[in-house]
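Have a look at this one.
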Amino acid sequence: MGHKRVLTVQDISCVGQCSLTVALPVLSACGHETCVLPTELLSTHTGFQGPAVLHPGREVLERFWHHWQREGITFDAICTGYLGSVDAVEVVLELTERLLKPEGLLIVDPAMADHGRMYAGLDGAYAESMKELSCRADILIPNLTEAAILAGTPWSEQPEEGYIRELMDSFRNPNVILTGVGLRPGETGAAYRSEGITEFYSHPKVEGRFSGTGDLFAACFAGVLLKGHSLPDAVKTAADFTAQCVMLTRENSARRYGIRFEAALPWLIRALEEA
Ligand code: PXL
């Protein structure tokens, strides 16, 4: 598969590995030219108490992409995660219209909620703007909480297969990957719908909460898919990679420092070479 220029748009959390500090190394390891648009700069992710936050604001973000437009820069894929403000979501809607190649892919991880709650600092107005961006995605990658919010359905902590299938069917996107779902006790994984068919991929669950796993899954999925692998293969590789990283992180008592993925990168690179 030829060269791909990928834009990843999300925050930089300076401490607590998630969002850009995960997506950039993973997309690079997959062999893509990776461009970044940091929509916010935080001293830590919002799982720490009271991070210092710097908002570039709409005007600065617009100056960045207007410059790219003047230079004729376009992208094969735009991958979005935690954006942090309604202004940033609106900027992304506009820059996607202008800078994504006609055959390019918009991959959206709503990255706004987990375990039944919105992330600290994000509100209903943010969820509404994320709905608009999500509707445009060629591939939408919500977790269960985000999918329930986007679909306007009550969240279920232990969903049955019927609930998951109904939730998946409520989205009009061509492809949807629902993360953090397992059909049997002690399992987790992803449900994915591609070409109208919903399938499941699961593996044993490691109990506990691990920040950054959604960001890691989305980056790995995008990286593998953009290498030319099928959507089901990219889901499986991303799920296996994420499971390995969760095992590596489990050894770490201070989980708020985020997901430990570094030691698993050689596995990912080999998996891409072998396929
Ligand atoms: O991992 C998702 C994420 C990304 N960015 C920031 C966050 C979170 C989750 O808490 O706080 C700033």
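Bear in mind that the values here come from a model prediction, so they are computed numbers and not experimental data. Atoms within each ligand, like the ligands themselves, are counted from 1 in listed order. If you read the sequence from its start, that first residue is 1, and numbering goes on from there.
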Shortest protein heavy-atom distance from atom 1 (O) of ligand 1, along with the residue and atom involved: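 Its nearest protein heavy-atom neighbour is D215 OD2, 2.7 Å.
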Those atoms of ligand 1 less than 4.0 Å from some heavy atom in C18: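 This gives 1 (O), 4 (C), 5 (N) as the contact atoms.
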With sequence neighbours excluded, residues passing salt bridge (charged side-chain N to carboxylate O under 4.0 Å, His left out) with E161: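 Partners of E161 by the salt bridge (charged side-chain N to carboxylate O under 4.0 Å, His left out) criterion, ordered by chain and then number, come out as R165.
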Ligand-residue contact atoms, ligand 1 with T46, heavy atoms, under 4.0 Å: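 Counting from 1, the qualifying ligand atoms are 7 (C), 10 (O), 11 (O).
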Identity and separation of the nearest protein heavy atom to atom 5 (N) of ligand 1: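 Here the closest protein heavy atom is D11 OD1, 2.8 Å.
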Distance-only donor-acceptor check, side chains S13 and D11, under 3.5 Å: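 Note: S13 and D11 side chains meet the donor-acceptor criterion.
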NZ/NE/NH1/NH2 to OD/OE distance under 4.0 Å, R5 and E33: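 Result for this pair is yes, salt bridge flagged.
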Taking atom 8 (C) of ligand 1 as the reference point, the nearest protein heavy atom with its distance: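 It is Y119 CE1, 4.1 Å.
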Any G214 heavy atom less than 4.0 Å from ligand 1: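 G214 does not count as a contact of ligand 1 under the 4.0 Å cut-off.
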Salt-bridge criterion met for R136 and E97 (N-O under 4.0 Å):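 E97 and R136: salt-bridged.
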Contact check, S19 vs ligand 1, heavy-atom distance below 4.0 Å: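 Yes, S19 has a heavy atom closer than 4.0 Å to ligand 1.
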Salt-bridge present (R270, E273; N to O < 4.0 Å):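 A salt bridge is absent here (no side-chain N lies under 4.0 Å from a carboxylate O).
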Under 3.5 Å side-chain donor-acceptor pair for S19 and Q10: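 The criterion, which ignores hydrogens and geometry beyond distance, is not satisfied for Q10 and S19.
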